[in-house]
Student: 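Pasting a structure here, questions to come.
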2 protein chains.
Amino acid sequence: MSLPIGELSERKKLILKAIVEAHIRGGEPVGSKYITESKQLTCSSATIRNEMAELEALGLLEQPHTSAGRVPSKRGYRLYVDTLLEEYAMTAKEIAQINQLMKIKMSELDQILDKASKVASSLTNYTGFAIKPRAHAVTVTKYEAALIDAHSFILIVVASNGAVKTRNVIVEGEVDDKILARLTAALNELVTGLDAEQISLSTIIALENRMSGDSVLVNTVMKCIYEMLSDLDGGELKVSGLDRLLQYPEFADTENLGELLGAIERKDEILDLVSGIDGEDVNVVIGSEDCSVKVINNSTLVFKPIRSHGKTVGAIGVIGPLRMDYARVLATLDSLGGNVSHLLGEPKVSDKGDKHD
Amino acid sequence: MSLPIGELSERKKLILKAIVEAHIRGGEPVGSKYITESKQLTCSSATIRNEMAELEALGLLEQPHTSAGRVPSKRGYRLYVDTLLEEYAMTAKEIAQINQLMKIKMSELDQILDKASKVASSLTNYTGFAIKPRAHAVTVTKYEAALIDAHSFILIVVASNGAVKTRNVIVEGEVDDKILARLTAALNELVTGLDAEQISLSTIIALENRMSGDSVLVNTVMKCIYEMLSDLDGGELKVSGLDRLLQYPEFADTENLGELLGAIERKDEILDLVSGIDGEDVNVVIGSEDCSVKVINNSTLVFKPIRSHGKTVGAIGVIGPLRMDYARVLATLDSLGGNVSHLLGEPKVSDKGDKHD
DNA sequence: TTTTAGCACTCGCTCGTCGTTAGTGCTAAT
DNA sequence: ATTAGCACTAACGACGAGCGAGTGCTAAAA
């Protein structure tokens with residue numbers, strides 16, 4: 001399973017790199033002749049062929065069929081991303097576009113993530129996505145309520161992860177400001193710091209006692225709170241620039257496209273995948289190499305966590321074909337994600353460290 | 001432009017109906033022989049051919065090429081939907097599924113619409129969508145605020161269309177409950193009933209006076225309010241079951257699919273289209289027959305407005321190929337949409353009136 | 001021992017041909 | 001007005017030839 005990175009001769013690395021990059025550009029299998037022509041390799045096509053055969057034996061290249069050129073395998077891409085990739089120098093235009101995004105003052109995390117994923121999509125020309133990860137054991141830190149009319153009010157919940165949710169509560173009986181004040185006071189005292197599973201019957205009974213035994217109101221409200229808590233740790237996945245997928249021939253057939261659309265539709269696989277990875281660097285998931293997510297078999301996910309005050313609050317990334325322009329995408333996401341995190345109050349990392357996982 | 005409905009002989013209608021239905025089922029051009037065989041038409045294929053030629057001259061049928069069968073044109077579908085469509089009898093299973101949806105108690109419009117569009121998609125096997133239409137001149141009917149810490153609070157806005165929006169407001173100076181109380185009181189007094197365009201400088205100045213000239217706070221808040229108001233009348237489009245598109249051969253090529261995905265991506269065309277249509281019946285938009293929405297040239301949109309307390313608050317619908325199973329889709333959406341509206345407090349329409357536009 | 005030139009071979013791709021087939025339009029007979 | 005019959009059309013699938021890009025292997029050169 002582990003890659004024999006050290007074992008690879010310098011020339012093999014160069015050849016692999018050339019093949020990956022040629023294939024990223026052209027999308028077609030690349031042959032030995034092409035390599036000799038275009039690159040600074042001084043050897044002949046026959047030598048390249050021998051090397052290519054060995055690279056294939058190592059599982060780094062694949063042949064669609066005899067007498068076609070070679071295509072990088074997933075392991076090949078992985079090796080490329082991990083060790084062969086050169087820094088991509090962002091163009092002034094790209095930097096400007098990111099900076100312009102940063103100028104737009106948006107106060108809501110959702111909006112920022114959404115916008116950022118759109119920018120990621122348009123800068124890289126792949127499909128962009130934004131994720132708010134699943135959170136475990138979200139609790140409520142504060143309740144507020146706002147009266148609408150005699151039969152309904154808005155319940156506002158501030159969660160431990162900083163999210164805010166509201167819900168329209170319609171009650172059978174009558175409510176007024178005084179009842180609401182009592183309710184919020186009781187909720188703040190009794191039902192904070194509990195996650196969805198920790199709300200027990202005793203909590204509810206204690207609450208009822210505080211609310212003069214108005215069990216209808218209490219039940220309605222508790223149901224709402226439970227619902228909101230479940231919502232809060234649900235995670236979210238938003239996709240932008242889906243139509244960009246179509247320009248890549250690997251998604252021209254229904255097979256791959258269907259798999260990917262299905263995965264996006266279901267959300268959970270991608271959500272789990274992204275939520276399961278921590279850290280602040282850009283991550284690259286190539287195909288289903290780690291076999292956990294079977295569904296995005298022929299696509300690559302690249303994403304960068306967004307952090308705020310030391311916590312991961314989301315992620316932005318792009319989805320595209322295996323032969324993704326990794327250099328560019330990594331640079332773009334790194335910069336964009338860093339800026340977004342910075343915008344959210346995260347200290348900027350000054351050292352340009354290793355960005356791979 | 002107007003269709004010569006009355007002019008069509010009974011037999012022509014029957015033939016057109018048979019062709020549309022055969023083509024919906026099979027997806028392929030249908031020939032004269034097929035009609036004579038399968039249907040109760042007593043005449044021969046030659047007669048059918050003559051009739052078909054005339055129907056084609058009327059613009060109701062099309063020929064992909066000579067020596068292929070006929071395919072309904074957009075006008076043909078339109079005529080079919082408007083006058084030839086027979087009621088679809090929903091199966092017990094479908095009814096049960098809708099009823100089950102109705103049992104799920106959800107309090108938020110967004111969730112209900114979202115869920116309903118998913119059900120629409122799964123019942124019809126087309127792509128479902130849910131829309132909250134653009135609203136003009138949304139105003140705020142009530143403000144509330146909830147303190148988070150000394151530098152931030154949550155601003156809650158109840159809009160004239162019943163929607164609720166919250167925003168995290170971070171201020172330079174310090175805030176406390178007392179300041180917030182004054183702020184909300186002032187806002188409720190001075191900045192209600194105004195839409196985004198009507199907020200003038202004098203409003204802001206009046207507000208500043210009330211807030212002891214704290215122009216920083218006032219400006220921050222007003223910017224937020226403006227943003228929220230703009231958000232509120234923005235409209236929303238959510239799509240579910242996108243992958244279902246792929247099973248229809250008309251979306252197998254990149255062309256049509258790209259157009260449709262692009263339109264969904266941009267949202268505004270579809271939003272405008274749906275927002276522009278009022279009433280409570282199911283609407284059918286076939287291709288870009290009315291030339292306003294050029295982009296969904298080869299798809300059909302069917303949607304039903306969702307009403308609550310006499311107002312249109314959203315719409316659910318499906319997107320699919322031109323040869324959509326109209327009978328089924330219309331029945332499903334009519335029933336589903338009616339139920340959702342009912343759930344939202346709209347009186348149930350008892351008379352099963354004409355459901356076409 | 002490594003590299004390279006040369007060569008036979010493979011296999012997909014593109015044409016053109018050809019027969020088949022489903023469907024048409026037209027005409028003449030009913 | 002309808003229909004049977006017939007000639008015609010165009011898509012479709014199979015077949016085969018030619019092409020070309022690319023390979024693997026071998027034997028010679030470095």
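Lettering follows sequence order; numbering is per chain, from 1.
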Student: Whole angstrom is fine here: how far is it from CD in E54(A) over to P in dT23(D)?
Tutor: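 Distance check: E54(A) CD to dT23(D) P gives 14 Å.
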
Student: Any salt bridge linking K304(B) with D281(B)? Criterion: basic side-chain nitrogen under 4.0 Å from a carboxylate oxygen.
Tutor: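 Salt bridge flag = no for D281(B) with K304(B).
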
Student: Output the rounded distance in Å from CD (Q63(A)) to P (dT23(D)).
Tutor: 7 Å

Student: Can E56(A) and R70(A) be counted as an ion pair, charged N to O under 4.0 angstrom?
Tutor: yes

Student: Are more than 12 heavy atoms, taken from residues, nucleotides or ligands other than Q63(B), located less than 6.0 Å from that residue's CD atom?
Tutor: yes

Student: When you check the gap from the basic side-chain N to the acidic O, do K12(B) and E54(B) get nearer than 4.0 Å?
Tutor: yes

Student: Just one of N256(B), N125(B), L257(B), T127(B) clears the side chain to side chain contact (heavy atoms under 4.5 Å, CB included) bar with Y248(B), so which one?
Tutor: N125(B)

Student: Nucleotide range of DNA chain C contacted by chain A, 5' to 3', under 4.0 Å to a heavy atom?
Tutor: dT3(C) to dG12(C)

Student: Could you walk me through whether Y326(B) and T300(B) pass the side chain to side chain donor-acceptor pair (under 3.5 Å) check?
Tutor: CA-CA 10 Å; Y326(B) 291 99; T300(B) 290; 3.0 Å; yes

Student: Would you jot down, in residue-number order, the residues of residues 65-72 of chain A having a non-hydrogen atom under 4.0 Å from DNA chain D?
Tutor: S67(A), A68(A), G69(A), R70(A)

Student: Can you list, in residue-number order, the parts of residues 43-52 of chain B that come under 4.0 Å of DNA chain C, counting heavy atoms only?
Tutor: R49(B), M52(B)

Student: What's the CD-P distance between E10(B) and dA1(D), to the nearest Å?
Tutor: 18 Å

Student: Before you tell me yes or no, could you show the steps for S240(A) and S117(A) under side chain to side chain donor-acceptor pair (under 3.5 Å), namely the whole-Å CA-CA distance, both residues' side-chain angles and the distance that decides it to 0.1 Å?
Tutor: CA-CA 7 Å; S240(A) 62; S117(A) 88; 3.2 Å; yes

Student: For the pair made of CD1 in I35(A) and P in dA21(D), what is the distance, rounded to whole Å?
Tutor: 16 Å

Student: Hey, are R244(A) and E265(B) close enough for a salt bridge, meaning a charged N less than 4.0 Å from a carboxylate O?
Tutor: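 The answer is no: the pair does not qualify as a salt bridge.
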
Student: Salt bridge between R25(B) and E21(B), side-chain N to carboxylate O under 4.0 Å?
Tutor: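 Not counted as a salt bridge, because no side-chain N and carboxylate O are separated by less than 4.0 Å.
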
Student: For side chain to side chain donor-acceptor pair (under 3.5 Å), just list the numbers for K74(B) and N298(B), CA-CA rounded to whole Å, side-chain angles, deciding distance to a tenth of an Å, and then say yes or no.
Tutor: CA-CA 9 Å; K74(B) 286 167 196 166; N298(B) 285 303; 4.7 Å; no

